[in-house]
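One-based numbering, in listed order, for ligands and for the atoms of each. Position 1 is the first residue of the sequence, and the numbers go up from there.
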Amino acid sequence: MQQHSIIVSPEKAQDLEATYRVVRRSIDARQRELKVNLTMLTDDQGAYVPCKSAWKGIDHQVIQPKHLTSQSPIVEIVGLGPAGLFAALTLLEHGIRPVIYERGKEVSERKKDIALLNRNEGLNPESNYCFGEGGAGTFSDGKLFSRSKKRGNMQRVMEIFHQFGATDKVLYEAHAHIGSDRLPAIIRSMREYIIAHGGEIHFNTRWSLPTTGLRSHYPTTPLHHYTILAIGHSAHDTYRELAAAGVAMEAKGCAMGVRLEHPQVLINDIFYHHPSYRTIELVGNASYAVISQVNGRGVYSFCMCPGGHMVPAGSQTQSGVVNGMSASHRNSVYANSGMVVELHPQGSALDILNWQEQLEHIAWEQGGNTTHDTTTHVVAPAQRMKDFVEGIHSSSLPACSYLPGIFSSRLDQWLPEPISSGLRQGFRDFGRKYPGFLTNDAVLLGVESRSSSPIRIVRDPITMQSLSHPWLYPCGEGAGYAGGITSSALDGINAALAIAQQIHR
Ligand SMILES: Cc1cc2nc3c(=O)[nH]c(=O)nc-3n(C[C@H](O)[C@H](O)[C@H](O)COP(=O)(O)OP(=O)(O)OC[C@H]3O[C@@H](n4cnc5c(N)ncnc54)[C@H](O)[C@@H]3O)c2cc1C
């Protein structure tokens, strides 16, 4: 088999995709006429390989679990996000029983708490957009790409998502996307698979160090056990417990800012150069990635969600955190992205954690929120984009996708330096480069503070063991070595492989 790359119109691309095996697809929106780059699989005579036989090469059983017995070794996993899930699947392939502790609820129960949150009827600190089955990955946008190709076999991650129900497109799209409506079913089928093959999952179980452990469940477990720590970057209580127990941690570079939302038609006009309705039907709403340098700091868009929604993504009470997601069809009338400024924190891991929490609390107060009994409101502070740049209070706010509600606030005044000045200059730069982008039709919501972990749980680069507690294997986004679904999943796979090597050596 060989590959052949072609550039075609969106109409032609649709026909080819329906008929032949495509191994890569990306959209080229640089010219006035939108084009699609396709890489096709060809046989030895150069003919395109038909779709029917297309996916035969991909075994739908990508995961090959071994049969477990009562003598099989056991590994504890904390957290059932992408890192924990992919670690568990990998352990099964090496004849190791994963025993997983997840503080949140299983996905169908979690959905009810998310619905309450979106109606502004209160945040459950153990069940929200960050905590629960599938972790922050479940109601995420589900964009599946990673900038780093060095972390491991990304294609295998896509094939595993495919095995559990993602569409064929994840196997070849350059910027593959699952969507927050499809992710819960995929996560659920991964869970069912793990349990069917001998893994254990304990929901509503918050792990803490060192009182809860394998030994209480498995008295015969050897003294030296292994714990994969895949807690994500929002478990501030667990971070504090780890720090108090002397687990080696440090502050690391991160980025924080706001969520920005435009009407999607505006983004289509700017980035597709006045597209027809038909073109959008064929290739989907336009997305963008913008970047600038302000006083030596990167200011950039992050996690852009065409046709998406902004959501309350905090996990603590009295905390104003926003993020974005989109459903598989990406067909809302709004386009949002995180707009963040690079930060280089000084001080300890706990210093940056405290600073982040203070900022999130200010955002919560600036949203005009209150707490009545146990109900914490999550209205977001908001300012029109141009008003932010010009330092003006927004006397009215545009309609937007954020369901709990928005409240006019001078984000330009209370966002700390260098975030405020970085965003102001960055927005001017983006407006110059993409006329129409800097507009009062767009709105900013605060704060986008969880785009990356500000903390690293320090580990050995080869064995992946914590430098202070070698039985701990910190991995995923919360360990500070990954950011996003695919890189966290790969990190989970790598942690499981490192342990399998130790156990079977
Ligand atoms: C709204 C939203 C949209 C996003 N969109 C995208 C996207 O499109 N593409 C992308 O690549 N990334 C996206 N992300 C980021 C992505 O979801 C994360 O990078 C990824 O989920 C990190 O995986 P993880 O397994 O390391 O941690 P997490 O997914 O955060 O999972 C950690 C899990 O550990 C559990 N936990 C924490 N502490 C404990 C404890 N003490 N005991 C037991 N359990 C514990 C938590 O409940 C959680 O379920 C988005 C995030 C959000 C919130």
Just going by heavy-atom distances, which of [options] is nearest to [atom]?
| atom | options | answer |
| --- | --- | --- |
| atom 32 (C) of ligand 1 | Ser127, Gly79, Ala230 | Ala230 |
| atom 7 (C) of ligand 1 | Lys143, Glu126, His202 | Lys143 |
| atom 38 (N) of ligand 1 | Ala176, Ala479, Ala235 | Ala235 |

Give the contacting part of [X] toward ligand 1: side chain, backbone, both or neither, where contact means a heavy-atom distance below 4.0 Å.
| X | value |
| --- | --- |
| Phe131 | both |
| Cys303 | side chain |
| Ile231 | both |
| Met325 | neither |
| Val78 | side chain |

Heavy-atom donor-acceptor pair, [X] side chain to [Y] backbone, under 3.5 Å:
| X | Y | value |
| --- | --- | --- |
| Asn369 | Val379 | yes |
| Asn128 | Asn124 | yes |
| Thr486 | Leu144 | no |
| Glu159 | Val62 | no |
| Ser451 | Met256 | no |
| Arg97 | Ser72 | no |
| Gln264 | Ala286 | yes |
| Gln64 | Glu93 | no |

Where is the nearest protein heavy atom to [atom]: which residue, which atom, and how far?
| atom | result |
| --- | --- |
| atom 52 (C) of ligand 1 | Asn323 ND2, 3.5 Å |
| atom 4 (C) of ligand 1 | Ser140 CB, 3.2 Å |
| atom 21 (O) of ligand 1 | Gly137 N, 3.2 Å |
| atom 29 (O) of ligand 1 | Ala136 N, 2.8 Å |
| atom 23 (O) of ligand 1 | Pro82 CD, 3.3 Å |
| atom 15 (C) of ligand 1 | Glu477 OE1, 4.1 Å |
| atom 36 (N) of ligand 1 | Arg103 CD, 3.6 Å |
| atom 27 (O) of ligand 1 | Gly232 CA, 3.3 Å |

Going by the atom numbers of ligand 1, which of them fall below 4.0 Å from some non-hydrogen atom of [X]?
| X | value |
| --- | --- |
| Gly132 | 47 (O), 49 (O) |
| Gly135 | 29 (O), 31 (O), 48 (C), 49 (O) |
| Thr238 | 38 (N), 40 (C), 41 (N) |
| Cys130 | 48 (C), 49 (O) |
| Tyr101 | 43 (C), 44 (N) |

Closest contact, heavy atoms only, [X] versus [Y]:
| X | Y | value |
| --- | --- | --- |
| Ile63 | Leu89 | CD1-CB, 3.8 Å |
| Met339 | Leu260 | CE-CD2, 3.6 Å |
| Ser326 | Pro306 | CB-O, 3.6 Å |
| Gly422 | Val299 | O-CG2, 3.6 Å |

Handout entry: Polar contact flag for Phe139 and ligand 1 (N/O pairs, less than 3.5 Å)
Key =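 No: no nitrogen or oxygen of Phe139 is under 3.5 Å from one in ligand 1.
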Exercise for the section: Please determine if Ala313 has a nitrogen or oxygen closer than 3.5 Å to a nitrogen or oxygen of ligand 1. Expected result: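 It does not: no N or O of Ala313 is found under 3.5 Å from an N or O of ligand 1.
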Exercise for the section: With sequence neighbours left out, write down each residue that passes ring-ring contact (aromatic ring centres under 6.0 Å, His included) with His344, or none if nothing qualifies. Expected result: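 Residues passing ring-ring contact (aromatic ring centres under 6.0 Å, His included) with His344: none at all.
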Return yes when [X] approaches ligand 1 closer than 4.0 angstrom through a heavy atom, no otherwise.
| X | result |
| --- | --- |
| Gly324 | yes |
| Glu102 | yes |
| Thr205 | yes |

Problem - Ring centers of Tyr434, Tyr288 separated by less than 6.0 Å - result: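 Between Tyr434 and Tyr288, the centre distance exceeds or equals 6.0 Å.
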Problem - Under 3.5 Å side-chain donor-acceptor pair for Glu365 and His361 - result: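 The criterion, which ignores hydrogens and geometry beyond distance, is satisfied for His361 and Glu365.
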